[in-house]
Amino acid sequence: TDESTLGYRVKEVLGGVDTEGVGRTNAVTGSLTIAGATVTAAEFTVDVASISSDSSRRDGQFNGRIMDTATYPTADFVLTAPIELGAIPADGEQITVDATGDLTLRGTTNQVTFPLTAEYANGRLGVFGNISVTFADYGIPNPSNG
């Protein structure tokens with residue numbers, strides 16, 4: 001939905017000062033397929049150039065040198081193993097499961113496994129996940145500068 005959000009949070013050193021950069025976008029598309037109590041398929045694509053922070057300078061570096069959005073405009077996740085929920089959760093119940101899939105950032109794809117928290121409430125499924133990324137694994141330059 002339009003309420004879907006993707007973001008990053010990264011520790012950086014700018015001008016000798018430790019800080020944390022945070023960027024967000026809701027330019028996320030994709031689908032999730034559930035059969036009974038099993039997630040059988042999921043794939044999501046993010047328009048990386050639409051990610052913005054509180055700093056136009058940071059966004060310029062992010063879109064240019066760091067993520068090279070002109071060359072690599074999207075980030076993608078594709079589920080590669082079914083997720084067994086055990087049972088269909090009751091309305092308002094939260095469950096935690098692990099998801100395994102292929103994450104593509106800056107043109108490099110790696111398999112990742114990470115925890116998801118999901119809640120079914122009022123006819124809608126909300127899912128929250130957090131994937132730690134090592135920049136070197138995806139060819140992403142260090143965001144810090146002198």
Side-chain angles (χ1 to χ4, degrees), residues 1-35 38-86 89 92-146:
T1 70
D2 291 340
E3 297 170 4
S4 296
T5 302
L6 173 115
Y8 70 81
R9 181 174 303 276
V10 63
K11 293 180 181 175
E12 57 190 6
V13 179
L14 299 174
V17 177
D18 290 340
T19 186
E20 186 172 66
V22 177
R24 299 275 182 265
T25 185
N26 66 348
V28 180
T29 59
S31 65
L32 177 77
T33 304
I34 301 174
T38 303
V39 177
T40 58
E43 58 182 61
F44 300 97
T45 297
V46 175
D47 175 2
V48 179
S50 71
I51 299 172
S52 63
S53 70
D54 63 348
S55 167
S56 61
R57 289 180 55 207
R58 178 183 292 120
D59 294 343
Q61 287 293 314
F62 178 86
N63 288 318
R65 178 180 71 84
I66 296 170
M67 293 304 289
D68 188 6
T69 59
T71 306
Y72 309 103
T74 64
D76 303 288
F77 175 80
V78 177
L79 187 71
T80 58
I83 301 171
E84 300 296 335
L85 304 175
E93 177 186 2
Q94 281 192 352
I95 60 170
T96 301
V97 294
D98 284 338
T100 298
D102 290 335
L103 177 65
T104 302
L105 299 173
R106 208 173 192 268
T108 300
T109 302
N110 287 306
Q111 186 177 70
V112 295
T113 299
F114 60 101
L116 291 175
T117 301
E119 181 177 345
Y120 181 76
N122 302 318
R124 297 182 71 178
L125 178 66
V127 180
F128 175 79
N130 185 356
I131 302 172
S132 294
V133 171
T134 300
F135 297 140
D137 291 348
Y138 293 89
I140 299 171
N142 186 332
S144 300
N145 66 39

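For clarity, every value in this text was computed on a predicted model and none was experimentally measured.
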A.B. asks: Does any pair with a residue in residues 47-67 pass ring pair (Phe, Tyr, Trp, His ring centres under 6.0 Å), and if so which ones, sequence neighbours excluded?
C.D. replies: Tyr8-Phe62
A.B. asks: Decide whether Ser52 and Asp59 meet the rule of one side-chain donor and one side-chain acceptor closer than 3.5 Å.
C.D. replies: no
A.B. asks: Just jot down the side chain to side chain donor-acceptor pair (under 3.5 Å) partners of Glu93, sequence neighbours excluded, or say none.
C.D. replies: none
A.B. asks: For residues Ala75 and Val48, report the shortest heavy-atom separation together with the two atoms involved.
C.D. replies: N-CG2, 3.4 Å
A.B. asks: Tell me the side chain to side chain donor-acceptor pair (under 3.5 Å) pairs involving residues 20-34, sequence neighbours left out?
C.D. replies: Arg9-Glu20, Thr25-Ser50
A.B. asks: Side chain to side chain contact (heavy atoms under 4.5 Å, CB included) with Val39: which residues, sequence neighbours excluded?
C.D. replies: Leu32, Ile34, Leu79, Ile83, Leu85
A.B. asks: Just jot down the side chain to side chain contact (heavy atoms under 4.5 Å, CB included) partners of Pro82, sequence neighbours excluded, or say none.
C.D. replies: Thr38, Glu84
A.B. asks: Only distances under 3.5 Å count here; give the side-chain donor-acceptor pairs of residues 99-118 to other protein atoms, sequence neighbours excluded, each with its distance to 0.1 Å.
C.D. replies:
unit_1	atom_1	unit_2	atom_2	d
Thr100	OG1	Thr113	OG1	2.8
Thr104	OG1	Thr109	OG1	2.6
Arg106	NE	Ile66	O	2.7
Arg106	NH1	Gly139	O	3.1
Arg106	NH2	Arg65	O	3.3
Asn110	ND2	Asp137	O	2.9

A.B. asks: Residues in salt bridge (charged side-chain N to carboxylate O under 4.0 Å, His left out) with Asp54, at least two apart?
C.D. replies: Arg58
A.B. asks: With salt bridge (Lys or Arg N to Asp or Glu O under 4.0 Å) as the rule and sequence neighbours excluded, what pairs involving residues 67-81 come up?
C.D. replies: none
A.B. asks: Could you pull out the closest heavy-atom pair between Val28 and Ser4, with the gap in Å?
C.D. replies: CB-CB, 4.1 Å
A.B. asks: Can you sort out the partners of Asn63 under side chain to side chain donor-acceptor pair (under 3.5 Å), two or more places apart, ordered by chain and number?
C.D. replies: none
A.B. asks: Rounded to the nearest 0.5 Å, what separation is found between the CD atom of Gln61 and the OG atom of Ser55?
C.D. replies: 9.5 Å
A.B. asks: Quick test of your reading: applying ring pair (Phe, Tyr, Trp, His ring centres under 6.0 Å), list the pairs with at least one residue in residues 117-143, sequence neighbours left out, ordered by first then second residue.
C.D. replies: none
A.B. asks: Considering only residues two or more places apart or on different chains, which pairs with a residue in residues 113-136 satisfy salt bridge (Lys or Arg N to Asp or Glu O under 4.0 Å)?
C.D. replies: Glu3-Arg124
A.B. asks: If the condition is side chain to side chain donor-acceptor pair (under 3.5 Å), which residues does Ser132 pass it with, not counting sequence neighbours?
C.D. replies: none
